[in-house]
Every structure is written in structure tokens, then in C-alpha cells.
Amino acid sequence: MVTEVEISPREAEVLELIGAHLSNAEIAARLCISVRTVESHVSSLLRKLEVPDRRALAQRAPTSAGAAPSHPAPVLPAPLTSFVGRVDERAELTEMIKAHRQVTAVGPGGVGKTRLALAVAAEAAGAYFDGVWFVDLVPVTDPDLVATAVAGSLGLGEQPGRDMTESVVAALADRHALLVLDNCEHVVDGVALLLERVLATCPRVTVLATSRARLMVPFERVYPVPPLSLPVDGESDAVALFMERAAAVGRSLDPALRDQIAAICERLDGMALAIELAAVRCSTLGLDGITAALSHPLRMLTGGSRADERHRSVRGALDWSHALLEPADRALLRRVAVFVAPFTAAAAAEVAGNEEGLVADGLARLAEQSLLVVTASPGGTEYRALETIRQYGVERLAEAGELVDARSRHVRWCLSKAAELAVAREGWRARFDAVADDLRAALAWAADRPEQRADAYDLARRLAELTFTRNLIGESQGRYEQAAALANDPAASASMLRHAAAVAGCRMHGDDMYRLRRAAADAARGSGDTAGAAADLATAAANAYRFSGKFVGKLPQEEAIVLITQARELAGDDPAAQAAVAVAEAGRALTEIGAAQGLDDNAVRVTIARAERAVELAHRTGDPLAESAALDTLTCAQSWAGETFAAAGTARRRITLLSSTPDTPEGTHELIEALGETTEASLGTGDLPGARRWARQLADHPLLVEVGHRAAGWLLVADALAGNVEEVLTGSVRFLDAWQRVGSPAGSVLGPPAAAVATIHGLRDDQDARREWSAVLNQLDPSPGNTYGYGAIFDAMLLLHRGQAPEALERLAPEPGEVWQWVTWIWLHWYVALRAEAAVLAGSSDAGDHVSKARTVVAGNPVAGALVERAQALLDNDQERLLATADAFDAAGCRYQSARTLVLAGGDHAERGAAALADLGFAPMALPRHP
């Protein structure tokens with residue numbers, strides 16, 4: 001039980017929100033704390049409650065003080081009015097969702113599909129161990145955004161490298177849950193595509209959908225929602241609904257009037273919405289007045305099938321209710337129909353073109369007639385029209401000839417809100433979420449109208465920027481592409497395509513990044529900007545080299561060469577284009593070096609010279625992003641040359657350059673890559689405090705909130721090398737949880753963190769945990785980097801701790817030049833230093849040579865230098881020199897190696913070293929078998 005464990009009040013709040021299936025980002029926003037703080041609380045709860053992962057943690061979340069639920073509470077909207085009747089329908093639909101994995105409740109607008117689905121979902125919630133989620137699809141205007149809406153309801157953020165559908169499927173893969181999708185008819189294609197994936201890969205998920213027509217997906221079973229029952233033997237759901245809604249507005253009806261009420265309900269075909277609209281008029285018209293009104297011929301109440309008649313009865317009730325309104329209220333109802341999300345009186349006033357006070361009074365009157373739903377929100381009172389009424393209002397707008405004017409005012413209102421959000425600070429996320437669906441709806445309308453093209457372009461551009469800030473980067477890329485298509489100026493189109501390419505890079509979609517840069521080049525050429533086209537072509541080639549890991553397939557070398565050649569021909573004497581070409585040429589040279597069997601020193605020097613030239617040219621342009629790309633290439637060239645400290649300095653220079661750049665897609669993409677590169681460079685030079693600092697910035701970046709395995713990876717490595725056991729154990733929870741949530745993908749960049757965690761468990765003598773993490777490592781990265789690079793280094797650390805020096809030396813047997821591709825960048829100093837120590841402790845006859853060669857390589861590295869110095873002291877049996885290395889390790893932030901030094905010193909020092917290791921969380925260290 002949760003109450004048996006002492007947890008803090010803040011941890012209790014976090015636990016409750018985990019139980020509501022919010023992501024770390026959502027929890028942070030809700031509690032006004034950082035994502036990093038949320039992660040710390042989650043890790044603490046996992047340890048305290050002794051559960052393996054976040055899903056198990058959610059199941060321990062309390063439903064009330066001191067109680068742990070067996071099932072999460074359903075995430076369903078709270079209806080503002082009671083649910084009446086439909087006992088048989090609820091039972092039938094409940095049995096259907098028990099028997100079938102996908103059920104669609106179909107029927108015309110106003111029949112009561114949504115209320116029935118909500119009632120059934122609430123009653124069935126206890127049967128679904130992982131809960132019930134409700135997704136309102138009314139505001140979704142683009143079928144491609146259905147998965148985004150579902151992800152929002154599930155509390156999922158976007159994960160770079162995956163689209164929203166993949167994220168939803170991964171989140172639901174092993175859950176026993178009920179997903180309710182409401183109002184699917186207008187985005188049926190998007191719903192069908194998502195459901196096919198969910199139903200095929202999430203075997204314990206059941207979907208209950210509502211729609212005016214069937215979805216036509218595999219496994220679908222259709223439940224036609226009938227109208228409310230009419231009088232039979234004195235019982236009638238329709239009559240009960242009429243009487244309850246009439247009483248709710250102050251007119252309790254005498255049961256003796258049931259026959260008259262039944263006649264009204266029969267005239268309205270038992271349609272729930274029509275009955276409610278009539279009932280709220282009872283207080284002013286009375287039953288006689290309603291009956292008289294319904295006796296007049298109503299438009300569209302004759303002809304057609306019975307289903308059509310039911311739909312027409314709703315239309316007739318709407319016509320009648322609409323006709324009873326004052327002209328001003330009619331105009332207001334049709335004009336606010338352009339809003340797809342809840343709106344305020346102030347927003348309605350802008351779009352309706354009236355004074356706010358008058359609009360507020362009108363909205364209140366419409367709500368009294370059940371034509372609008374009223375809700376309270378942090379931003380004040382909000383109004384919303386049911387979808388059937390909203391669609392009716394839009395039809396009335398068209399009939400009145402006001403549709404274009406109202407939609408245009410709505411577009412202008414959306415542009416104004418988007419502009420406000422662009423400079424807003426406080427409450428930004430909530431403010432964006434409140435208007436996002438209207439921004440999308442306005443853009444969907446404007447994009448199809450030639451006279452609205454300029455506004456549509458502005459709105460698409462704004463929405464692209466806002467969704468990027470909101471970390472909806474998949475939508476952001478699409479909106480930038482949409483803006484490019486809407487732009488009247490090819491130069492503006494080229495600019496939008498460049499932004500889209502950068503967002504694709506942030507999403508880990510290298511192929512899109514390449515495609516969009518090529519498209520930007522075409523647009524630039526169309527505008528007469530040949531230099532811009534040259535820069536785009538060169539950047540497309542350079543990106544294929546710089547970010548090859550983000551591409552599904554490797555760009556053919558011949559294609560890259562063609563691009564560079566074309567770029568060089570178009571560049572002329574333009575500095576920016578020349579700099580981009582220089583970066584691409586240096587990237588090509590780097591790729592050729594990496595593909596070679598051996599390291600060609602001359603080729604490396606030539607490549608460094610090319611990269612330095614690229615940096616010089618980029619610097620002249622004054623563009624920090626161009627200079628960052630050139631510095632990245634130079635860093636890689638220096639690392640191939642074994643110039644570890646020069647590479648680290650260049651990487652830090654890149655970070656400094658980017659620290660003041662705006663949070664644009666291009667700047668964000670460069671910064672994330674630079675933080676990772678600088679962390680790696682710091683590890684390579686033994687700057688563990690610096691590595692941890694940069695890695696922490698990377699781990700805290702908002703764009704990586706939902707991909708904790710990528711965000712926390714290098715921080716795990718830095719902490720493991722420093723001997724920070726608690727930090728590794730805490731961070732590994734985030735890493736593993738995030739990695740599993742995205743489907744456990746393989747990736748060589750994820751190998752070092754897994755190896756680091758496995759080693760820490762080995763040093764703690766937790767063999768079960770080490771085996772589990774070793775299995776994760778082998779799944780992540782079976783590459784030579786694991787075999788000869790970082791894998792050998794972490795294995796050697798563990799073997800030396802166990803006193804198995806000969807085995808450690810064997811693990812590091814290849815000469816550095818033989819495995820240069822796997823150790824040159826980060827691991828060279830660690831490799832040669834540990835190899836020297838293993839040779840000394842193993843009693844190797846050439847131990848002195850190992851130490852001497854290593855000292856030359858690692859000079860200036862505080863950690864690797866201390867390792868080599870310790871090896872020399874052990875070789876010379878120089879106790880004083882040996883103990884001095886403990887201080888050097890402490891100064892370098894490497895507590896593990898400091899304690900290890902004391903154990904190797906023997907005597908009283910060994911006791912202090914053993915105690916220090918124990919305090920750090922490590923198992924006792926074995927003395928080497930070959931002193």
C-alpha cells in the first residue's frame with residue numbers, strides 16, 4: 001500500500017498525476033516545477049514503492065487520501081446534466097465492447113451518441129486495469145492530427161524520431177484500456193489509419209467510437225444508436241428526459257401531463273437533442289405553446305427514410321428554436337458557430353463584431369435555451385456549442401451570406417491571438433492550448449480560399465512557430481511546409497522550407513531534412529537567389545554527412561558529389577554560399593577518412609585545413625548557425641587526428657557561439673547537437689565536471705523531455721566514470737523507461753549509457769541488474785564500438801575492480817591504432833590509460849612501454865593522466881607518488897578512482913579506501929592477482 005511508505009507531499013502530488021497518465025512535461029506544467037524535478041520525484045517514488053516502471057507506478061496512485069486504487073480513475077468529461085434512461089442500450093453497448101475490440105456507435109446528429117458512450121465508458125471503467133480515456137475529435141480539422149489529439153488525452157508529448165501515431169501505439173502496446181473516440185465522422189480517414197495500428201499492435205485496448213457513419217476498419221462492430229424510447233405501457237425515456245430538462249429550467253410538470261408530453265416527444269421522433277431544445281422552452285411557452293408550434297409545418301420534416309426523418313426532426317427543432325430567438329441572438333448564434341473550441345465573451349464579441357457587454361448578454365440567453373453549453377475555466381466563463389448546433393449555425397451563416405465575413409473575422413482574431421502568444425511569457429502553454437484548435441480550423445478554411453492566401457500564409461507561419469515552441473514538432477514541420485506552399489513569394493517559400501528542414505532535423509528525420517533543403521534550393525532558384533540555392537544544395541549534402549545517423553538510408557556518395565558540384569557552380573562570390581560549400585567539402589573528406597581501413601595522416605591534415613577554411617568563411621558571414629556547422633566539422637576532423645584537446649576547445653567554442661542565438665528550429669537543432677558533442681569532448685579530455693554540466697543542459701532541454709533515453713544518456717556516462725552511483729541509479733530509471741516507451745530501438749549512441757549502467761551494477765556486485773543491463777546493451781548496440789571501444793573500457797574498469805588484471809589487459813589487447821575508429825573521439829585517453837594500468841597490475845613484461853606511450857597520449861587529461869601516474873607509481877612501488885594520485889582524482893571529480901587508489905596503496909590506506917568505496921555504494925575491491 002502507498003500509505004505504508006513515507007512519501008513527501010510533493011511526491012504524493014506527482015504520484016497522483018502519474019496515475020492520471022500525465023507525462024513528465026505535463027506534470028511539470030501542472031505543478032509549476034521543472035521537468036528535472038519531476039524526474040527526481042519519479043525516480044524516488046520508483047525506489048520507495050519498489051516498482052519497476054512508470055506503468056506500475058501509475059497503478060499505485062491513490063484515488064483518495066491513504067488509498068491505492070486497483071484501477072485508474074476514468075479520464076472522462078463530467079456532463080453538466082444527468083443521464084436519463086437508456087437502460088437497455090447501455091447494457092447492449094456494454095456487452096458489445098466486452099465481446100469486440102472496436103465498436104462504433106452510429107446515428108444521426110442529436111440522437112445522443114456521445115452521452116451514451118460516456119455513460120457506458122464510466123460504468124465499464126472498472127473492467128479496464130489501465131483506465132479509460134476520452135478524446136473529443138470535434139476540434140480536429142485535419143485527419144493527420146487525430147493521433148496528436150489522442151496523444152494529448154493520453155498525456156503524451158512528442159518524441160523526436162517518432163511520429164505521434166508511433167508514440168500512441170507504443171504507449172498503449174501493453175495496456176488494458178478503453179479508448180473513447182467521440183465525433184469521428186469528419187476525420188474518418190485519420191481515425192481509420194490510427195485504429196488499424198492500435199488494433200493490430202495493442203491487443204488489450206478496446207475502442208469505443210461515435211460517428212454518424214461506420215469507420216470501415218478491421219474488427220469494427222457497429223451499434224446503431226436508437227432514438228429515446230417512446231411511450232410503451234407508460235414507460236418512456238423520451239418523456240423522462242423532457243420532464244427532467246423542463247424541471248431544470250424551473251417548470252416541474254405534473255405527471256398527469258405525460259400523454260401530452262409523449263405526443264410532443266413522438267412528434268420529435270425521440271431525438272434527445274430535439275427533446276431538450278423543446279423542454280427548455282416549456283417555462284415560457286408551456287406544453288400547449290410547444291404543441292401548437294410543432295403543429296405548423298417545419299422545414300425538412302417530410303420525406304426520406306426513417307433515419308433521415310429523425311435527423312430532420314432535430315433540424316426542425318433547431319429551426320423552431322432558432323425562430324423563437326430575437327434577431328440579434330440568431331445572428332450571434334450563427335457567428336459564434338465558427339469557433340470549434342470553447343470561447344469567451346470577449347472572443348465572441350470580436351468575431352461577431354459587436355460590443356462585448358451585449359454579446360455576453362446574448363450568450364447567456366443562448367445558454368438558457370440549451371443552444372450553448374457554459375463551463376467555468378481558469379480564464380473565465382467559456383461557451384461551447386454542441387457539434388450538431390455548431391454545424392447548424394454554420395449553415396445559417398451561409399444562408400445569411402455572412403459566412404465569408406464571419407470566417408474572415410475569425411481568421412483575424414486567430415492571427416491576433418497568435419501574435420500575442422509569440423511574445424507571451426506567463427501561462428503560455430495553457431493559453432496556446434486554449435486557442436490551438438481554432439487556429440487550426442481558421443487555417444484550414446483560409447488555406448482553400450485564394451483571397452485569404454496572405455492571411456493563410458501568416459497563420460501557417462505563426463502556427464509553425466507556436467507548435468515548435470509547444471514541442472509539437474511534427475505539426476510544426478507540416479505547418480512550415482504548408483506556409484511554403486501558401487507563400488506568394490518564392491523567397492518566402494524557400495525560408496519556410498529551410499525552417500521545415502531544421503525541424504525535421506530536430507525530429508531525427510534526416511531524409512525529410514534532405515528533401516526540404518533540396519526543395520528550398522528549387523524555391524530560391526525560382527526567386528532568382530542563386531547564392532541561396534547554392535547554400536541550400538551544399539547544406540543538404542553537408543547534413544547528410546553531419547547527421548548521417550538520422551537518415552534511414554545512406555546518401556549515395558555520387559549524389560552528394562553532384563550536389564556539391566552544383567552548389568560550387570552557383571555560389572559565385574557570395575560568402576554564405578562559399579562557406580556552405582566549404583563545410584560540405586570538408587564533410588565529404590571526413591566521410592572518406594572514416595571509411596578508410598587505416599588512418600591517413602595526410603588526408604586528416606588536409607581535411608582539418610578544409611574545415612578551418614570553412615570556419616573562417618562562415619565567421620565572415622556573421623551567421624552563428626553557419627559558423628556552428630563549420631565548427632562541428634572542424635571538431636570531427638580534429639578528433640580523427642587525435643587532437644583531443646583541440647577538438648574539445650572547438651566544441652566549447654561552438655556552445656559559446658550558440659548560447660545567445662534565438663530559439664528557432666535551426667538554432668535548437670544546432671544547440672542540441674552541440675551540447676551532445678561538447679559533453680563527449682569533455683569526457684574525452686577528462687573534464688568530468690564540465691561533461692556533467694553540458695550533459696545536464698542536454699538532459700533538461702524541453703525538446704528531449706519525452707525521449708529520456710537520448711536526453712540522459714551522456715549524463716549517465718559522466719556520472720558512471722566519476723563514480724556517482726546514486727545519480728546513475730536514478731538516471732537509469734529515466735533512460736530505461738523512456739527507451740522502453742518508444743519501443744526499445746537500437747542505436748549505437750545509446751550503447752555507452754547502457755554499458756555505463758551495467759558497469760556500475762557490476763561494481764556494486766548486483767549481478768542480476770548487471771545481466772539485465774548487459775542484455776539491454778547487446779540489444780542497443782552490437783557494433784564494433786561496443787566490442788572494441790567504449791565496451792572494452794567499461795569492461796576493463798570492472799575487471800580491474802575485481803582484481804582480474806590479465807583479463808582486463810586481454811580485453812584491451814588491440815593496439816589503439818588498430819581500433820582507432822572506435823576510440824579516437826571520446827575513448828582514446830581512457831583506453832590507453834586503463835591499458836597501461838592493466839599491464840602493470842598484470843605484471844606484463846612490457847608494462848613500462850605501455851605507461852610511457854600512454855603518458856605521451858594523455859598529457860593534460862586530469863583523470864587519464866592520474867591513471868597513468870598511478871600505474872607508474874605502482875610499477876615503481878612509489879607509495880608517496882601513488883597517494884598523490886588520490887588527490888588528483890579528487891580534484892578531477894573522480895571519487896571512485898580516488899578510493900580505488902587508497903585500496904591499492906594497502907595498509908591503513910586500504911581500509912580508508914574500502915570505507916570510501918562502501919560510502920559511494922560500491923562492493924569491496926579485490927586486489928590484483930599479479931602485483
Side-chain angles (χ1 to χ4, degrees), residues 159-163 166 473 477 501-517 539-557 559-560 583-584 586-595 628-629 632-633 635-637 639-640 647 651 654 665-666 668-681 683-684 695 698 701 703-704 707-714 717 735 738-739 742-755 777 779-791 821-827:
Q159 301 163 349
R162 308 169 68 87
D163 63 26
E166 291 172 326
I473 54 178
Q477 178 186 327
V503 179
C506 293
R507 299 179 66 210
M508 305 289 290
H509 288 196
D511 297 270
D512 273 1
M513 184 167 50
Y514 177 76
R515 169 182 62 83
L516 291 164
R517 270 292 180 172
T539 301
N543 286 346
Y545 295 133
R546 294 178 61 207
F547 310 118
S548 59
K550 298 182 179 183
F551 283 69
V552 174
K554 186 177 180 181
L555 182 69
Q557 184 74 333
E559 186 172 339
V583 171
R588 174 189 169 191
L590 273 173
T591 302
E592 292 173 350
I593 291 172
S628 172
D632 177 30
T633 307
T635 301
C636 294
S639 72
W640 279 139
R654 185 181 175 204
E666 292 86 347
T668 299
H669 186 216
E670 284 290 328
L671 180 61
I672 289 175
E673 297 297 324
L675 285 171
E677 184 175 77
T678 307
T679 301
E680 297 173 44
L683 290 171
L698 184 65
H701 197 284
L703 201 63
L704 300 183
V707 283
H709 54 303
R710 282 185 59 212
W714 287 115
V717 175
F735 180 95
W739 178 64
V742 299
S744 304
S748 58
V749 72
L750 303 177
L777 171 60
Q779 184 177 347
L780 277 170
D781 185 18
S783 76
N786 182 1
T787 306
Y788 300 113
Y790 67 85
Q821 289 175 307
W822 318 115
V823 301
T824 298
W825 173 220
I826 306 173
W827 306 112

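Along the sequence shown, residues carry numbers from 1.
- Smallest separation of non-hydrogen atoms from L698 and G676: CD2-CA, 4.1 Å.
- The OH atom of Y514 lies 12.5 Å from the OG1 atom of T539; values are rounded to the nearest 0.5 Å.
- No side-chain donor-acceptor contact under 3.5 Å links T824 to the backbone of W640.
- Taking CG of D512 as the reference point, atom CD of Q477 lies at 4.5 Å (rounded to 0.5 Å).
- Listed here is the closest heavy atom pair of A541 and A560: CB-O, 4.2 Å.
- L703 contributes atom CG, which lies 11.0 Å from atom CZ of R507 (distance to the nearest 0.5 angstrom).
- Listed by chain and number, the residues in a ring pair (Phe, Tyr, Trp, His ring centres under 6.0 Å) with F547 are H669 (sequence neighbours excluded).
- Within a 6.0 Å sphere centred on OH of Y545, other residues, nucleotides and ligands contribute more than 12 heavy atoms.
- One finds the CE atom of M513 at 9.5 Å from the SG atom of C506 (value rounded to the nearest 0.5 Å).
- At least one donor-acceptor pair under 3.5 Å links the side chain of T679 to the backbone N or O of A695.
- Between the CH2 atom in W822 and the CG atom in N786 there is a gap of 11.0 Å [rounded to 0.5 Å].
- Residues S639 and A647 approach most closely at N-CB, 4.0 Å, considering heavy atoms.
- In this structure, the side chain of E673 does not engage the main chain of E670 through any donor-acceptor pair within 3.5 Å.
- Partners of E677 under the salt bridge (Lys or Arg N to Asp or Glu O under 4.0 Å) rule, at least two apart in sequence or in another chain, are R654.
- The CD1 atom of I672 sits 7.0 Å away from the CZ atom of R710 when rounded to the nearest 0.5 Å.
- Shown here are the side chain to side chain donor-acceptor pair (under 3.5 Å) partners of D781, two or more places apart in sequence or in another chain: S783, Y790.
- Within the 4.5 Å cutoff, no side-chain heavy atoms of E680 are placed close to those of V717.
- Taking both residues in full, the closest heavy atoms of A651 and T635 are given as N-OG1, 3.7 Å, listed atom of the first, atom of the second, then distance.
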